[in-house]
Amino acid sequence: MELSAYSIKYGLSFCILTIVGILNANGQSYYDLSEKGVSCFEKDSLEQAENYFRQALKLDPTNAHNALLFSNLGMVQQKMNKHAEAVESYSYALNFAPIAVPILLNRGSAYMNIGQNDNAYLDYCQVLDVDKDNIEALLMRAYIYTQRKDFKAGRADYEKLLKIEPTNYTARLGLITLNQKDGKLNEALEGITMMITENPKDATLYIARADIECDLDKKDMALIDLDEALRLNDSASEAYLLRGQIFLSQKKKYLAKLSFDKAISLGISASDLQDLIKECK
């Protein structure tokens with residue numbers, strides 16, 4: 001039986017339905033362990049789920065349908081933030097089903113989480129070879145292109161995605177970020193302002209516009225947007241960080257220090273801000 005490229009895309013519950021249809025003929029123990037693994041996953045008992053999937057795989061390590069179990073194992077490990085182990089599990093799954101789009105997408109995500117963007121890029125390219133309009137692959141590849149400063153390729157992916165889904169929030173924001181990095185600041189500002197008009201209560205968008213306004217040397221406007229962002233979400237650490245940087249550029253060292261301290265209290269790494277805080281003295 002050929003593994004469908006979409007058999008895992010819609011979650012772990014669909015996978016176990018496929019296993020149920022196959023594994024009853026192969027032995028009750030294999031089926032029971034697989035089912036218990038899924039049950040534990042659904043209850044967020046992740047260590048138990050991982051253990052059950054490993055036991056099932058050990059019982060019949062050459063079973064072609066282990067692609068499903070390895071994929072399930074990878075999803076559990078990813079949720080446990082064991083991203084390197086998840087990559088290994090997805091790789092085993094792909095040995096059984098080399099062009100399974102959902103597994104490639106999941107492995108790409110795991111690669112991104114451990115900073116192996118080049119490997120993730122290869123997975124997203126392979127997905128797009130199979131499914132040229134895949135939204136997730138286009139989105140992530142465009143992001144990787146932007147990080148590489150390959151703005152032409154990134155723009156092509158974002159624009160293609162937006163032809164498929166014109167209102168895709170992440171793609172629109174990604175294209176705005178690309179324009180900002182590419183020096184197309186007025187175009188970026190126009191795009192983010194349009195998004196704010198459509199989503200006036202989204203603090204993230206005000207922070208993004210403030211960042212663009214800083215690049216345009218419109219710091220007073222940026223501070224107004226940051227105030228609005230913090231009114232909407234007073235836990236927005238990035239808003240405090242950017243506000244601190246603006247105050248520091250304006251020689252308002254006391255206010256900058258207050259903003260940096262607040263950003264640290266909300267989760268920004270103190271070591272990352274060490275140099276900025278020294279400038280506040």
Side-chain angles (χ1 to χ4, degrees), residues 78-81 83 109 112-115 117 120 139-140 142-149 151 154 158 167-281:
Q78 227 172 331
K79 196 169 182 181
M80 295 170 73
N81 293 320
H83 301 296
S109 174
M112 295 288 286
N113 281 316
I114 58 175
N117 290 12
L139 185 63
M140 296 311 299
Y143 171 81
I144 293 170
Y145 280 136
T146 301
Q147 295 304 108
R148 292 178 176 180
K149 297 186 178 180
F151 300 127
Y158 279 131
T167 61
N168 187 294
Y169 176 98
T170 308
R172 292 176 70 189
L173 192 55
L175 182 57
I176 288 164
T177 301
L178 183 150
N179 282 330
Q180 182 182 6
K181 291 180 180 292
D182 196 19
K184 299 178 183 295
L185 297 177
N186 289 324
E187 193 171 336
L189 184 63
E190 182 181 348
I192 197 68
T193 299
M194 184 179 298
M195 288 191 73
I196 288 173
T197 300
E198 297 167 4
N199 305 276
K201 296 183 179 181
D202 188 333
T204 298
L205 298 179
Y206 287 97
I207 298 170
R209 186 165 70 177
D211 194 41
I212 296 167
E213 288 165 338
C214 283
D215 287 347
L216 286 164
D217 201 26
K218 297 181 178 181
K219 292 176 182 175
D220 289 340
M221 295 298 296
L223 287 171
I224 292 171
D225 273 341
L226 292 173
D227 285 345
E228 181 62 14
L230 291 170
R231 186 187 70 80
L232 293 167
N233 178 12
D234 62 4
S235 297
S237 59
E238 292 295 333
Y240 287 106
L241 173 57
L242 183 54
R243 190 165 71 173
Q245 291 171 317
I246 294 171
F247 284 145
L248 191 58
S249 74
Q250 296 174 335
K251 308 300 182 184
K252 299 176 181 178
K253 296 183 178 182
Y254 176 74
L255 293 176
K257 178 65 163 52
L258 289 178
S259 292
F260 291 142
D261 286 344
K262 184 65 175 180
I264 290 169
S265 74
L266 291 169
I268 298 290
S269 171
S271 61
D272 291 343
L273 300 187
Q274 187 174 4
D275 291 339
L276 289 172
I277 289 174
K278 284 181 181 178
E279 292 183 45
C280 295
K281 294 179 180 179

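When a residue number appears, it is its place in the shown sequence, counting from 1.
Applying the side chain to side chain donor-acceptor pair (under 3.5 Å) test to Asp215 and every residue at least two apart in sequence or in another chain returns Gln180. With sequence neighbours left out, Phe247 forms a ring pair (Phe, Tyr, Trp, His ring centres under 6.0 Å) with no residue at all. The side-chain contact (heavy atoms from CB on, under 4.5 Å) test applied to Asn113 returns Gln78, His83, Ser109, not counting sequence neighbours. In this view, Thr170 satisfies the side chain to side chain donor-acceptor pair (under 3.5 Å) rule with no residue, not counting sequence neighbours. Residues passing the salt bridge (charged side-chain N to carboxylate O under 4.0 Å, His left out) test with Arg209 are Glu213, Asp225, sequence neighbours excluded. Residues forming a side chain to side chain donor-acceptor pair (under 3.5 Å) with Thr204 (at least two apart in sequence, or on another chain): none. Looking at residues two or more places apart in sequence or on another chain, you find a side chain to side chain donor-acceptor pair (under 3.5 Å) between Asn168 and Glu165.
Every pair passing salt bridge (charged side-chain N to carboxylate O under 4.0 Å, His left out) that includes a residue from residues 168-188 is listed here, sequence neighbours excluded: Arg155-Asp182, Arg172-Glu198. The side chain to side chain donor-acceptor pair (under 3.5 Å) pairs that include a residue from residues 271-281 are Ser269-Ser271, where partners are two or more places apart or lie in different chains.
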Could you go through residues 255-268 and list every donor-acceptor pair under 3.5 Å that involves a side-chain atom there, pairing it with any protein atom two or more places apart or in another chain?
unit_1, atom_1, unit_2, atom_2, d
Lys257, NZ, Asp261, OD1, 3.2
Lys257, NZ, Asp261, OD2, 2.8
Ser259, OG, Leu255, O, 3.3
Ser265, OG, Lys262, O, 2.6

Could you list the donor-acceptor pairs under 3.5 angstrom formed between side-chain atoms of residues 233-240 and any protein atom two or more places apart in sequence or on another chain?
unit_1, atom_1, unit_2, atom_2, d
Asn233, OD1, Ser235, N, 3.1
Tyr240, OH, Asp234, O, 3.4

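Atom-to-atom distance recorded for Leu189:CG and Ile212:CD1 is 6.0 Å, nearest 0.5 angstrom.
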